[in-house]
Structure formats: structure tokens, C-alpha cells
Amino acid sequence: MDILPSYPVLADAVLAVHVAIVAFVVLGLVAVPIGNAAGWAWVDNRRFRVLHVLVVGVVVVQAWLGRYCGLTLLESWLRRQAGQAPYDSSFVGYWMARLLYYEVPIGVFAVVYTVFGLLVAWAWWRFPPRAGRGR
């Protein structure tokens, strides 16, 4: 009897974690200006903001180095082990192509991620985090 889940289950778990991280990155940026306007204290929490900047920074650096995300690579490896087709491109590239029916080179994502990173930096400057629990 196998104790570990099967490769497809593990690949789907990695995909779920990846989607959660993407949601954290995108919704985190959206939440900062909206939350400041609405008076939500948690959007100024230093831990939340530092974690957000670090995750965005990793994405930007990986893109500029022309590297795929480690989660994309892990999920693709698990899918290959399960006899499933891995991604042809990056995680975001794959899903963007699926959503928009348009594929672009990884360099385009480097620019998009950099602009996103600059927006996060702007949000940090415009709405600085506060130590502890926020306001």
C-alpha cells in the first residue's frame, strides 16, 4: 500500500499552491490601494507587505534570468512521471495562452513582471507598511 499520493495528485497540489501564490501576488497589489482607501489595517501590516515584495522580487528576478518558476518545473516533472504532458512554457505563459489564446516569449513576461514589480514598489512608497498590526 502506497502512503504517498500519486504523481498526478502531487502535480495538482503543486498547481493549487502555484495558483494561490499568483492570487496572493495579484490580489495583494490590488488590496493595498483599495484597503488604504477603505481603512483596512491589515494591508499595511509589515509582514504581509515584506512577504509580498519578496515574492514579487523572486518572480521578477527569475523572469530576467530567463528561468521558469521552480513550481512550474516541479509540476511539469510530476506530470511527466505520471505520463501526462508537461507545460510547453512557463506556468503563467501556459495559462495566459489558455485564457487569451496568445503565446509570447518569456522576455515579454520579464517586462510585464518588472512593470508589476514597479507597481508594487510604488504601492510600498505611496502606502508604506506599518510595524505590528497596522493602524
Side-chain angles (χ1 to χ4, degrees):
M1 173 162 78
D2 288 331
I3 297 174
L4 293 175
S6 64
Y7 287 118
V9 172
L10 289 172
D12 289 344
V14 171
L15 174 62
V17 168
H18 209 167
V19 168
I21 291 170
V22 170
F24 170 72
V25 166
V26 173
L27 297 177
L29 176 59
V30 171
V32 170
I34 291 173
N36 270 274
W40 303 337
W42 66 268
V43 299
D44 288 335
N45 179 281
R46 185 175 278 295
R47 287 185 189 134
F48 165 73
R49 298 291 294 281
V50 167
L51 181 60
H52 189 251
V53 164
L54 287 174
V55 172
V56 171
V58 167
V59 169
V60 170
V61 169
Q62 284 177 332
W64 278 104
L65 293 175
R67 307 272 190 239
Y68 291 132
C69 174
L71 292 173
T72 299
L73 299 174
L74 176 59
E75 183 190 348
S76 291
W77 180 83
L78 289 167
R79 296 221 181 273
R80 278 193 299 276
Q81 300 311 305
Q84 298 175 344
Y87 294 123
D88 294 345
S89 61
S90 72
F91 170 82
V92 174
Y94 174 82
W95 286 105
M96 290 296 287
R98 294 281 308 246
L99 292 173
L100 302 176
Y101 306 104
Y102 187 74
E103 245 182 275
V104 296
I106 194 167
V108 172
F109 288 107
V111 173
V112 170
Y113 295 157
T114 300
V115 170
F116 190 89
L118 291 171
L119 287 171
V120 170
W122 169 83
W124 184 284
W125 171 79
R126 177 64 179 85
F127 307 106
R130 304 186 196 304
R133 305 184 85 162
R135 292 176 219 160

Of all residues at least two apart in sequence or in a different chain, which pass the side-chain contact (heavy atoms from CB on, under 4.5 Å) check with [X]?
X	result
V30	I34
L51	F24, V55
V9	P5, S6
A13	none

Would a single hydrophobic cluster contain both [Y] and [X], if residues Ile, Leu, Val, Met, Phe, Trp and Tyr are joined by side-chain heavy-atom contacts under 4.5 Å?
X	Y	result
V50	V43	yes
L54	L71	yes
L27	V115	no
V25	V17	yes

Listing request: all side chain to side chain donor-acceptor pair (under 3.5 Å) pairs with a residue in residues 120-129, at least two apart in sequence or in separate chains. none
Heavy-atom neighbours of F127 CZ exceed 12 at 6.0 Å: yes
Supply the members, apart from L65, of the Ile/Leu/Val/Met/Phe/Trp/Tyr cluster built from side-chain contacts under 4.5 Å; use none for a lone residue. V61
Where do Y113 and A63 come nearest, in terms of heavy atoms and distance? CD1-CB, 3.3 Å
Heavy-atom pair with the smallest gap, counting every atom of L29 and A123: CD1-CB, 3.9 Å
Taking only residues at least two apart or on different chains, which pairs with a member in residues 49-70 satisfy salt bridge (charged side-chain N to carboxylate O under 4.0 Å, His left out)? D44-R49
Strictly by salt bridge (charged side-chain N to carboxylate O under 4.0 Å, His left out), give each pair with a member in residues 13-28 just once, sequence neighbours left out. none
Please name all residues satisfying side chain to side chain donor-acceptor pair (under 3.5 Å) with W64, sequence neighbours left out, ordered by chain then number. T114
Could I get the full list of side chain to side chain donor-acceptor pair (under 3.5 Å) partners for Q84, not counting sequence neighbours? R79
CD (E75) and CG (L10) are apart, to the nearest 0.5 Å, by 11.0 Å
Atom NE2 in H52, atom CZ in F48: separation rounded to 0.5 Å? 6.0 Å
With heavy-atom distances below 4.5 Å as the criterion, would you say the side chains of V58 and Q62 are in contact? yes
Is there a side-chain contact between V108 and P105 in this structure, where contact means two heavy atoms from C-beta onward sitting under 4.5 Å apart? yes
